[in-house]
Amino acid sequence: MLLGSAAIAAVALPVTAGALLLQRGDASASTDDRTFTDVGADDDALEAYRWADATMVQPALEDGSYTPGAAVTRGDLALALHRFAGAPVVPSDAVPAMLADLDTAPERRDAQLWLFGHAALWGDLSLCVHPDEPASRESASQTLTALLRPSLSARGHSQAVTDLAAADADPTTSALAWLQDSGLLPSALTGLKADATALTRGELAQLLFRADQVLAGAG
């Protein structure tokens with residue numbers, strides 16, 4: 001269930017490439033030798049993990065591990081995407097108190113409201129967004145598409161994929177098709193299925209690292 005067009009209008013901000021992480025600059029020069037206690041130096045995804053850690057989009061844990069196989073919750077996904085966009089401010093007085101289970105930590109709460117405001121985070125019939133539940137690959141693919149498609153479209157980057165607004169379109173299949181056709185699936189994740197399997201930290205780092213590269217080259 002997609003909730004509240006009035007609430008969405010209240011917190012929605014323009015999603016353009018200029019608002020995303022591109023403005024942070026290239027962190028690779030200072031992270032080429034960054035290591036993690038549980039990631040080998042020959043891991044194909046190491047560059048993505050270093051990028052996610054250096055930009056704080058999805059940092060390593062305090063013990064020095066990256067835990068790429070750990071499941072991402074819906075709240076974790078919202079937080080990573082909000083940071084990816086540069087953590088835009090959400091006015092505290094602009095949002096009706098209509099979601100029942102937002103995180104109490106301010107940064108995580110703002111991330112969920114921001115994503116909700118972009119029609120990329122959905123509540124159920126009980127007005128709950130379930131931030132502590134695992135983010136399935138199915139829901140994550142729809143969230144990523146809802147958030148990133150306007151950014152790429154604004155840069156003139158478009159593909160002939162299934163129309164997400166078509167009455168007969170399966171939103172899960174068409175969202176995954178858009179991610180694939182937009183080049184947002186790294187080669188290591190080309191077999192990713194939009195199913196109920198929980199998205200992992202490693203997969204999210206690779207997806208957002210690739211998204212940053214695609215956005216940088218769009219237009």
Side-chain angles (χ1 to χ4, degrees), residues 11 13 15-17 19-25 27-28 31 34 36 38-39 45-62 65-90 101-122 129-152 175-176 179 182 184-186 188-189 192 194 197-216:
V11 297
L13 299 173
V15 186
T16 64
L20 294 179
L21 190 116
L22 304 177
Q23 65 208 31
R24 293 173 182 255
S28 61
T31 61
R34 179 72 163 99
F36 307 102
D38 58 345
V39 179
L46 181 57
E47 185 181 7
Y49 303 159
R50 285 171 168 167
W51 169 87
D53 178 58
T55 58
M56 296 301 290
V57 165
Q58 185 181 252
L61 304 188
E62 291 184 2
S65 66
Y66 198 78
T67 61
V72 172
T73 67
R74 286 167 57 84
D76 294 335
L77 177 62
L79 183 61
L81 291 174
H82 189 227
R83 288 173 171 175
F84 180 77
V89 175
V90 176
D101 62 343
L102 291 172
D103 269 300
T104 56
E107 185 182 16
R108 297 181 71 89
R109 173 187 175 275
D110 285 356
Q112 291 154 34
L113 287 172
W114 179 81
L115 208 60
F116 172 71
H118 283 271
L121 181 70
W122 302 274
V129 294
H130 305 288
D132 296 324
E133 291 187 1
S136 69
R137 289 173 174 175
E138 177 182 3
S139 64
S141 65
Q142 294 180 55
T143 295
L144 285 165
T145 296
L147 187 65
L148 296 176
R149 193 176 192 184
S151 299
L152 286 172
L176 188 63
L179 291 171
S182 299
L184 292 171
L185 287 182
L189 300 182
L192 192 73
T197 304
L199 189 73
T200 67
R201 279 173 51 87
E203 290 167 345
L204 181 57
Q206 292 177 73
L207 283 166
L208 293 183
F209 179 51
R210 179 58 185 157
D212 190 58
Q213 293 176 320
V214 171
L215 283 164

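Taking the side chain to side chain contact (heavy atoms under 4.5 Å, CB included) definition, one finds that S65 meets it with T37, D38, L61, D63, T67, sequence neighbours left out. Residues meeting the side chain to side chain donor-acceptor pair (under 3.5 Å) test with D53, sequence neighbours left out: R34. Applying the side chain to side chain donor-acceptor pair (under 3.5 Å) test to Y49 and every residue at least two apart in sequence or in another chain returns nothing. Take E107 and apply the salt bridge (charged side-chain N to carboxylate O under 4.0 Å, His left out) test, not counting sequence neighbours, and it matches R83. Remark: Q206 pairs with no residue by the side chain to side chain donor-acceptor pair (under 3.5 Å) rule, at least two apart or across chains. In this structure R210 satisfies the salt bridge (charged side-chain N to carboxylate O under 4.0 Å, His left out) test with no other residue, sequence neighbours excluded. Shown here are the side chain to side chain contact (heavy atoms under 4.5 Å, CB included) partners of D132, two or more places apart in sequence or in another chain: D103. Take D76 and apply the side chain to side chain contact (heavy atoms under 4.5 Å, CB included) test, not counting sequence neighbours, and it matches V72, T73, R108.
Remark: side-chain polar atoms of Q58 are paired, donor with acceptor, to backbone N or O of R201 under 3.5 angstrom. Looking only at distances, a side-chain donor or acceptor of S141 sits under 3.5 Å from a matching main-chain atom of E138. No donor-acceptor pair under 3.5 Å is formed between the side chain of S139 and the backbone N or O of A135. Between the R74 side chain and the V129 main chain, a donor and an acceptor come within less than 3.5 Å of each other.
Here the CG atom belonging to L81 is positioned 10.0 Å from the CG atom belonging to L207, to the nearest 0.5 angstrom.
Side chains of F209 and V57 form no contact here, defined as non-hydrogen atoms less than 4.5 Å apart.
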